[in-house]
Structures are given as structure tokens and as C-alpha cells.
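Here the structure is laid out as C-alpha cells; the discussion comes afterwards.
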Amino acid sequence: MSQEDYSGFMVFAEQHDGVIHPVTFELLGKARELAEKKGSKVYAALLGYNVGSLSSELIYYGADRVYVVDSEKLKVFDVMHYKDAFLKVIEKAKPEAILMGATNTGRTLAPRISAALKTGLTADCTDLFIDEKGNFIQVRPAFSGNIFAHIGTKTKPAMATVRYRTFKAIEKDTSRKGEVEKVEYSGPDDTGYKVLEKIPREKVNISDAEVIVAVGKGLKKKEDLKIIEDLAKLLNATVGASRPLVDDDWISRDHQVGFSGNIVKPKIYIAIGISGSPQHTVGMKDSGIVISINKDPNAPIAEYSDYFIVGDLYEVVPKLIEEIKKK
Ligand code: FAD
């Protein structure tokens, strides 16, 4: 089979316990745009156990054909089963490119698929497009976000992961029609991996937050996070953080905003004691209203701010809390 015979854009439909991760819909939207440019099709790969009923949802969001692998072996995320089952789908569909969410699942599975197919994988893409020669191009930050590299992959299928909230899903259209094709997977009984138990933990979905109160190294010690949490609670906001606070173990990575954290687009973003490095602002620059509190009037975050309060956070934040409580 020649490389020319690969066509169409395949989205890995990530689902957990029968709920599709919204990054899937965003990727389907982008895949539609790419496929229309090439005059080709959009495929979705749906893997799991008792998941067949989710196919129509994928069609409503842009898939022309859904490949479903339904097997008890795919009930929990055993990456070896998922890899082998997904490879079967790819072998059947022969897509020009595969798009996956840069989620924990996508980041675990994608490199294994790319290694098995001996093809290129571009992680954390910020854009995808078809160039004037019809090549599929992947854009991603390089050199700590200082340049955007445009990457073309010579081998097919090309592979790309994209973070949640990078693209927009197209409007759900329940009148859309598509095909569903079942793919059999038997797989070994023992892959050598054991999923022992799911450990429940506090899950912060900062990417969906409408109001974020984010804090950075302006904070002197971990205990002082309390005043930020108090302000966030009053505003019904989610707490965000710059990376140094995560690296120092003051707060979990779920809260990190930026290049190596989460991309956020809240209506209101309050940046407290955050300087505004390119690695931070890349994650929050599309926020609605940005309010900053900083001692330094020349902090780079000023450029992204609609309102800039010059002052010591230890004075400004308690005053803000006091005023809000009066209302
Ligand atoms: P600082 O740059 O130290 O700024 C602290 C700010 O607080 C200053 O502006 C200061 O004026 C102000 N301040 C100090 N005291 C007070 C006070 N009492 N009251 C009010 N203001 C005060 N960073 C991220 O955030 N997210 C990422 O995803 C990320 N990814 C990265 C990936 C790579 C590969 C690399 C190399 C770096 C990454 N970084 C990331 C780190 C980034 O380069 C910066 O180091 C980081 O964003 C700085 O965090 P900060 O603004 O909290 O701290």
C-alpha cells in the first residue's frame, strides 16, 4: 500500500465510563475543516466496553464514519489492549492523520501507536492546517514557547495531540448521518499490565472555569494560599497557579495555567503576584477580562491586563475580600 492511499482524518474518541471527553468534539470540528479542504472524510475511533451508543454523538459532531471496538477487555484503560485495538482500526481506515487529545490517556497511548506504526507524532499542537501543496501541517511551540514550529510529517498516518480547549467544536447537528463499522478485537487475556484500582482524587477542571483567581510567586508561603482561596470562594471562582507553585508542591498540577499546564479561557482571570512570562500567558491570553494585582507596574502581565492594580497582594487581597463581603 502506497503512502498516497492514506486519506481522511481520524479522531481518537476518548471516553471514560461512557462519557466522551469534550476534547474529542473539538478535534472532530478541526478534522472536519481539514477533511473539507482535502475533499476527504472524518473518522472517529471509539474504543471501550458497551460504548456503541456513543457513536451517534460522534456523528452529530462531525464524524462521517465511526469505527467501534467494543470489548470487555477495553472496560478499563489497559494501554496494551487499547494500543492493539486502536492499531486494528487504523489498519482498516488508513487515515492520512490521527488526532488525539493531549490528555493523560492521549499522552499515554499516542507514543505507543506512533512507535508501532513507525510514524511521526507532534505533541501539544496549537494549530493544524493544510498548506497550499495539500500537506497536513502541525504547529506547536518550540524553544519554551518563543517560536512556533510548523511541522510536516513524511510518513503516514501523521499523528498529533492537541490540548483541550485549543479548538472549537462545531455545533451539534442531530440531523447529521454517518456510518458505523464494528471492528473485532480479541487480544490476549493477560497483557502483563494490571489495573488494580482507581484512586479517587480531587479533580479540578480549570479549563472549564468561568472565573479564575490565579496566584504566583508573589505569594511568600504555602499557608498564604488561604487568602487566595477565600477570595476565589467569594467570587465562585477556581484557583489557578503559575508553575513555580506547582513545582514547589504548594498546589496540584490540575491548577497550573500555561505552556506545560492548562489552557484556560475564563470570562474573568485575576492574576495575583504573577509576572506574566510567555509560558504563563500562552495559557490565559484568550481570557475575557484580565485583572492583575502586582507590586511591579512594569510586570509583563500588564500587557495582557484590562485592569492593573499596583500594590502588595497582602494588602490588596484582604481589602478586596472585605469590600466584597460588604455587598
Ligand atoms: P515570578 O516570575 O517570580 O513573578 C512573581 C511576580 O509577583 C512578580 O511580577 C512580582 O512583581 C510579583 N510580586 C512579588 N511580591 C508581590 C506582592 N507581595 N504583591 C504583589 N505582587 C508581588 N510557568 C507557568 O506559569 N505555567 C507554565 O505552564 C509554565 N511552563 C513552563 C515550561 C517551560 C519549558 C519552562 C522553561 C518554564 C515554564 N514556566 C511556566 C515557568 C515560567 O518561565 C516562569 O518562571 C513562571 O511563569 C513565573 O511564575 P510567576 O509569575 O509566579 O513568578
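When a ligand or atom number is given, it counts from 1 through the structure's own listing order.
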Heavy atoms only: which of [options] is nearest to [atom]?
atom: atom 9 (O) of ligand 1; options: L219, N294, D296; result: N294
atom: atom 25 (O) of ligand 1; options: H280, K220, Q279, R253; result: H280
atom: atom 19 (N) of ligand 1; options: L313, V317, V310, D247; result: L313

Are F136 and F9 close enough that their ring centers fall under 6.0 Å? yes
Any idea which atoms of ligand 1 are less than 4.0 Å away from a heavy-atom of [X]?
X: G261; result: 28 (O)
X: V257; result: 24 (C), 25 (O), 26 (N), 27 (C), 28 (O)
X: G258; result: 26 (N), 27 (C), 28 (O)
X: Q256; result: 26 (N), 27 (C), 28 (O), 29 (C)
X: D312; result: 17 (C), 18 (N), 19 (N)
X: G216; result: 52 (O)
X: G311; result: 19 (N), 20 (C)

Identify the closest protein heavy atom to [atom]: which residue and atom is it, and at what distance?
atom: atom 3 (O) of ligand 1; result: K217 CB, 3.6 Å
atom: atom 32 (C) of ligand 1; result: R243 NH1, 3.2 Å
atom: atom 47 (O) of ligand 1; result: S277 OG, 2.9 Å
atom: atom 50 (P) of ligand 1; result: S242 OG, 3.6 Å
atom: atom 48 (C) of ligand 1; result: P244 CG, 3.9 Å
atom: atom 6 (C) of ligand 1; result: G273 O, 3.4 Å
atom: atom 29 (C) of ligand 1; result: S260 OG, 3.5 Å
atom: atom 1 (P) of ligand 1; result: S275 OG, 3.6 Å

Quick one: sort the Y269 and H280 rings into parallel, tilted or perpendicular, breaks at 30° and 60°. tilted
Distance below 4.0 Å between atom 45 (O) of ligand 1 and any protein heavy atom? no
Test item: N262 side-chain N/O and D254 main-chain N/O as donor-acceptor pair under 3.5 Å: yes
Answer yes or no: is there an ion pair linking K88 with D84, defined by an N-O contact shorter than 4.0 Å? no
So, D124 and R107, do they make that salt bridge, N to O below 4.0 Å? yes
For Y193 and H81, test the side chains for any donor-to-acceptor distance below 3.5 angstrom and give the result as yes or no. no
Pair E96-S40, side-chain donor/acceptor within less than 3.5 Å: no
For V139, which fellow cluster members are found when Ile, Leu, Val, Met, Phe, Trp and Tyr are connected by side-chain heavy-atom distances below 4.5 angstrom, either directly or through intermediates? F129, I137, F148
cation_pi(K30, F167) dist<6.0 Å, angle<=45: yes
Could you list the residues that satisfy salt bridge (charged side-chain N to carboxylate O under 4.0 Å, His left out) with D189, not counting sequence neighbours? K73
Option among K217, R253, R243, K220 that satisfies the salt bridge (Lys or Arg N to Asp or Glu O under 4.0 Å) test with D248: K217
Rounded to the nearest 0.5 Å, how far does CZ of R32 lie from CD of E36? 4.5 Å
